There are 2 protein chains.
Amino acid sequence: MKYQEATIEELLTTAFQDEALRNAYYETAQEKMFKKGDLLLEQGQICRYCYTLLSGAVRGFYLKDGREITTSFCFTNDVVMSLESATRLTPSPESFEVLEDSLVEVVSVEKLNQLRQQFPVLEKVWTLSMEAYAIWLEERLASLQFATAKERYEQLLERYPEIVRNVQLSHIASYLGITLETLSRIRAKG
Amino acid sequence: MKYQEATIEELLTTAFQDEALRNAYYETAQEKMFKKGDLLLEQGQICRYCYTLLSGAVRGFYLKDGREITTSFCFTNDVVMSLESATRLTPSPESFEVLEDSLVEVVSVEKLNQLRQQFPVLEKVWTLSMEAYAIWLEERLASLQFATAKERYEQLLERYPEIVRNVQLSHIASYLGITLETLSRIRAKG
DNA sequence: GTCGCCATTTGATATATGTCAAATAATTAT
DNA sequence: ATAATTATTTGACATATATCAAATGGCGAC
């Protein structure tokens with residue numbers, strides 16, 4: 001999972017001026033360092049924690065026919081979590097792997113749900129985040145549904161240049177739904 | 001937009017036992033018949049109404065290079081709306097076309113927002129719907145990202161046989177991200 | 001610095017799917 | 001019912017992308 005939006009940021013800034021909320025939050029939130037290669041969550045496990053990236057990079061992926069299909073990239077301020085697993089308490093369809101040493105804020109999903117109940121502003125943030133995430137998914141879907149491999153790469157380059165800069169080709173390729181050889185050729189031609 | 005889930009249904013059933021809510025809702029909701037071919041919303045316009053299908057069928061689509069790309073199919077109990085346009089008041093990226101004469105419950109987005117504020121249970125329904133919709137989109141994304149055309153068709157057949165039964169091939173094909181000729185051949189071979 | 005391990009590029013070929021065109025089949029209107 | 005329109009199937013060929021294999025390049029361990 002992944003989202004970002006200006007109004008959500010603002011709402012959070014305001015919310016954290018409330019001391020009660022701040023205390024309740026930092027009672028449960030923990031900062032942790034993760035190393036390159038660590039798994040924040042493994043496919044098949046239930047997602048019990050919500051991870052906010054303070055620095056670093058993470059990718060989501062799942063296995064299909066023995067090969068890894070990348071579903072998302074997350075960077076600073078992005079939230080890492082399997083929405084499906086966390087809300088339904090079902091096995092996660094995807095794993096999340098740390099791509100470079102990352103500082104992460106960890107909150108348990110259970111505590112987060114309590115906080116949402118306790119502080120309506122957090123419930124509001126959650127709802128807005130869901131909306132933003134769904135809209136982001138709609139966009140990505142449209143891109144995969146009918147753009148050519150080259151168009152998809154160019155869209156990625158334009159919208160998320162940090163991905164192209166920082167992530168290895170094989171991950172970008174599977175994210176775009178193509179092989180790394182094809183991606184390499186697209187880049188060579190321009 | 002499109003969603004459906006058991007717990008949401010249950011929550012709504014309970015909610016509508018509240019007379020105040022029921023009255024407030026039916027003050028603003030209107031039933032309307034739409035005819036095959038009608039557009040509920042046109043690409044580029046702002047989505048000001050939320051449509052719930054009481055009967056019939058609707059499809060969402062957008063134009064790319066002069067051809068229609070189908071993004072969704074909606075049937076009885078599904079909600080038709082451009083999430084992006086309704087929440088951000090931006091031009092809708094997609095149109096919604098009535099596929100067969102349909103009975104529809106219409107509520108303005110503005111009123112719906114008021115009702116959500118007024119009745120927390122409706123806010124909860126909204127949030128759960130967003131979660132369900134995002135999860136549905138994640139699934140669809142995974143399907144488009146790395147399944148072959150045949151696999152995607154078989155998944156559709158299994159999960160949404162009513163689409164395959166009721167909708168014309170060209171719409172199903174663009175929904176799957178393939179041409180209608182390819183879909184026809186997939187069906188022929190089995 | 002050198003070796004060894006990955007990542008990336010490049011090449012040759014195979015395959016899935018698209019495109020264009022025509023032939024049937026199914027619906028709809030008259 | 002018949003004609004007209006629209007949807008689906010089928011065929012021949014073009015193209016994008018995948019696959020397999022090998023060559024090159026970059027980078028960390030020692």
Side-chain angles (χ1 to χ4, degrees), chain A residues 35-38 57 59 61 63-70 73 97-101 141-157 161-190, chain B residues 34-38 56-59 61 63-70 73 97-102 141-157 161-190:
Chain A
K35 297 224 154 179
K36 178 173 175 169
D38 286 352
R59 86 181 168 105
F61 68 95
L63 288 172
K64 197 210 164 193
D65 305 335
R67 55 181 78 181
E68 297 185 353
I69 313 288
T70 297
F73 296 106
E97 175 201 21
V98 175
L99 291 178
E100 54 187 70
D101 293 5
L141 204 47
S143 171
L144 274 177
Q145 192 173 4
F146 254 93
T148 64
K150 190 171 175 228
E151 287 170 331
R152 275 174 274 159
Y153 177 70
E154 282 161 357
Q155 286 168 21
L156 187 75
L157 201 57
E162 76 272 26
I163 293 179
V164 180
R165 258 186 278 110
N166 298 318
V167 176
Q168 83 183 47
L169 226 56
S170 62
H171 296 158
I172 298 176
S174 76
Y175 182 77
L176 294 174
I178 57 181
T179 60
L180 77 168
E181 293 96 330
T182 297
L183 179 54
S184 175
R185 284 183 247 264
I186 287 170
R187 281 153 59 107
K189 283 183 219 146
Chain B
F34 286 90
K35 296 222 155 182
K36 178 172 176 170
D38 286 352
V58 169
R59 85 182 169 106
F61 68 95
L63 287 172
K64 198 210 164 194
D65 306 335
R67 58 182 77 181
E68 297 183 353
I69 313 289
T70 298
F73 297 105
E97 175 202 20
V98 174
L99 291 178
E100 54 187 72
D101 295 3
S102 301
L141 204 47
S143 171
L144 274 175
Q145 193 175 1
F146 255 90
T148 64
K150 189 170 175 231
E151 287 169 333
R152 276 174 273 159
Y153 177 69
E154 281 162 358
Q155 284 168 23
L156 187 74
L157 200 58
E162 75 273 26
I163 293 179
V164 180
R165 258 187 276 108
N166 298 319
V167 175
Q168 84 183 46
L169 228 56
S170 61
H171 296 157
I172 297 176
S174 76
Y175 182 79
L176 294 174
I178 57 180
T179 60
L180 77 167
E181 293 95 331
T182 296
L183 179 54
S184 175
R185 283 184 245 263
I186 287 171
R187 282 154 59 108
K189 282 182 223 149

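All chains are named by letter (A, B, ...) in the order of the sequence lines, taking the proteins before the strands, and each is independently numbered beginning at 1. It should be emphasised that the depicted structure is a prediction, and the values quoted were computed from it without experimental measurement.
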[X], nearest nucleotide to its side chain (from [options]):
| X | options | result |
| --- | --- | --- |
| B:T182 | C:dT10, C:dT17, D:dT17 | C:dT17 |
| A:I178 | D:dA18, D:dT8, C:dT17 | D:dA18 |
| B:L169 | D:dT19, D:dT8, C:dT9 | D:dT8 |

Donor-acceptor pair under 3.5 Å, B:R185 side chain vs C:dT19 base
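Side chain to base: pair found, below 3.5 Å.
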Any N or O donor-acceptor pair under 3.5 Å from the base of C:dC6 to the side chain of A:Q168?
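No such pair is found, so the answer is no.
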What integer distance in Å separates [X]:[atom1] from [N]:[atom2]?
| X | N | atom1 | atom2 | result |
| --- | --- | --- | --- | --- |
| A:L144 | D:dA16 | CG | P | 19 Å |
| A:L183 | C:dA7 | CG | C1' | 12 Å |
| B:R187 | C:dT24 | CZ | C1' | 15 Å |
| A:L176 | D:dT17 | CG | C1' | 13 Å |
| B:Q145 | D:dA18 | CD | P | 12 Å |
| B:F146 | C:dT17 | CZ | C1' | 16 Å |
| B:I69 | C:dG18 | CD1 | P | 11 Å |

Check this for me: B:K36, atom NZ, are more than 12 non-hydrogen atoms of other residues, nucleotides or ligands nearer than 6.0 Å?
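Not buried by this count: 12 neighbours or fewer within 6.0 Å.
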Between A:V164 and A:I172, which heavy-atom pair has the shortest distance, and what is it?
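Nearest heavy atoms, A:V164 then A:I172: CA-CD1, 3.9 Å.
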Residue mapping more 5' on DNA chain C - nearest nucleotide basis, A:S170 or B:R152
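Of the two residues, A:S170 wins.
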Pick the closest DNA chain C nucleotide for B:E181 and for B:K36 by heavy atoms, then say which residue is nearer the 5' end.
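Residue closer to the 5' terminus by nearest nucleotide: B:E181.
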OP1 or OP2 of C:dT17 under 4.0 Å from side-chain N/O of B:T179:
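So the side chain of B:T179 is outside the cut-off, no N or O lying under 4.0 Å from OP1 or OP2 of C:dT17.
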Check whether any side-chain N or O of B:S184 sits under 4.0 Å from OP1 or OP2 of D:dT9, and answer yes or no.
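It does, given that an N or O in the side chain of B:S184 lies less than 4.0 Å from OP1 or OP2 of D:dT9.
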Would you indicate whether the side-chain heavy atoms of A:N166 and A:F73 approach each other to under 4.5 Å?
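Sidechains of A:N166 and A:F73: no contact.
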Do the non-hydrogen side-chain atoms of B:V167 and B:T70 ever get within less than 4.5 Å of each other?
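No. Closest side-chain heavy atoms not under 4.5 Å.
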